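Below is one structure, written out as structure tokens; comments come after it.
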Amino acid sequence: MSIAQGEALALRELYARHADRVYNTAISYVQSAVDAEEVTQDVFTKVWRSANNFKAESQVTTWVYRITVNTALTALKKRQRYGFLGALTASHDPPDFHHPNAVLEERELNQALFANIYRLPNRQKTAFILSYVEELPRAQVAEVMGITLKATESLLMRAKGGLRQALKNDYPHRGPTKRERS
Amino acid sequence: MKPELPDDLDKALAQLKGLGRAKAPDLLPRIEASIKGNKAKVIPLAEWRRLVAAAAVVLLLNLVGLVYYAQQTSGQVALNETSTEVLISDFQLYE
């Protein structure tokens, strides 16, 4: 792999090819642009430094996703451990976030969805983000997570069940629109 | 039979489908600098907050200590003055 030889050009190419994937995945976890930038920077630094250990049998994309997921989860863990004034106020509350590409009329629901994604257990969160935000095929999600396809499906089912219930609790007053009723 | 209406999750998932990826800012210079080891040491905000909190606690303890010391000292002076007066009157020193 050419990046293992320390070529700046290879890093640029790698960045051009994967930066949006990494950033989009990272921002879905940490739900803050500043933290997502930090995670993205960390990921590419790790990729560069561990390029020699990269096993060619694994796809580069899968490998980059794996590093991204681990780095984002570590960032979340740190945030929850060192909230303002340390453990006293360690925050488990989701930030006020909606996906940067969400259009105005979709923001409310998008924000509620991401708030509830934030509260999911880590494995369910990873399965959901990779499947529905990154839109990876289930087989690749399983490969990134190092689990079987069946386990991935099970995680997704639980994640969706949790999210469905949480959204229902968030919006008990919301029913179908007039158009949906007729 | 009426088809089942989409709930909020279905709607949110449908919205996610057309969303596309968030575009990454140009972080390449930062990454290159970090790889070259030229990255300036950045202290995370959480670390700063903990440092400020620790400094505030130390300052507060000092302040409490000073106030306590000042109170003790003024009490001591008052006591000394009273006991001196008693001594003077008892032994009629200045007469």
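Here is the naming used below: chain letters follow the sequence lines, and residue numbers restart at 1 for every chain. Being a predicted model, the structure only gives us computed values, none of them experimental.
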Measure across B/Ala24 and A/Asp20 and return the closest heavy-atom pair with its distance rounded to 0.1 Å. N-OD1, 2.9 Å
Evaluate the side chain to side chain contact (heavy atoms under 4.5 Å, CB included) criterion for residues B/Leu13 and A/Tyr132: first the C-alpha distance (whole Å), next the side-chain angles of each, then the deciding distance (0.1 Å), finally the verdict. CA-CA 7 Å; B/Leu13 291 181; A/Tyr132 291 100; 3.8 Å; yes
Option among A/Asn101, A/Leu109, A/Val103 that satisfies the side-chain contact (heavy atoms from CB on, under 4.5 Å) test with B/Gln15: A/Leu109
Whether A/Lys168 and B/Asp7 form a salt bridge (side-chain N of Lys/Arg under 4.0 Å from carboxylate O of Asp/Glu) is what I want to check. no
Measuring heavy-atom distances to chain B, does A/Arg49 have an atom under 4.5 Å in its side chain, in its backbone, in both, or in neither? side chain
Side chains of B/Pro25 and A/Tyr23: does their closest heavy-atom pair fall under 4.5 Å? yes
Taking every heavy-atom pair that is under 4.5 Å apart, which of A/Leu113, A/Val22, A/Ile27 has the most such pairs with chain B? A/Leu113
Please report the C-alpha distance between A/Val133 and B/Leu19 in whole Å, then the side-chain angles of each, then the deciding distance to 0.1 Å, and finally whether the side chain to side chain contact (heavy atoms under 4.5 Å, CB included) criterion is met. CA-CA 8 Å; A/Val133 183; B/Leu19 210 56; over 6 Å; no
Go through the steps for A/Arg164 and B/Asp8 under the test salt bridge (Lys or Arg N to Asp or Glu O under 4.0 Å), then give the verdict. CA-CA 7 Å; A/Arg164 182 165 278 123; B/Asp8 282 328; over 6 Å; no
Other residues, nucleotides, ligands: >12 heavy atoms within 6.0 Å of A/Asp96 CG: no
Need one label for A/Tyr15: side chain, backbone, both or neither, based on atoms under 4.5 Å from any heavy atom in chain B. side chain
Residues B/Lys11, A/Glu106: salt bridge by 4.0 Å N-O rule: no
Residue A/Arg138 excluded, over 12 heavy atoms near CZ under 6.0 Å: yes
Before you tell me yes or no, could you show the steps for B/Arg30 and A/Glu38 under side chain to side chain contact (heavy atoms under 4.5 Å, CB included), namely the whole-Å CA-CA distance, both residues' side-chain angles and the distance that decides it to 0.1 Å? CA-CA 10 Å; B/Arg30 271 163 64 176; A/Glu38 194 99 347; 4.2 Å; yes
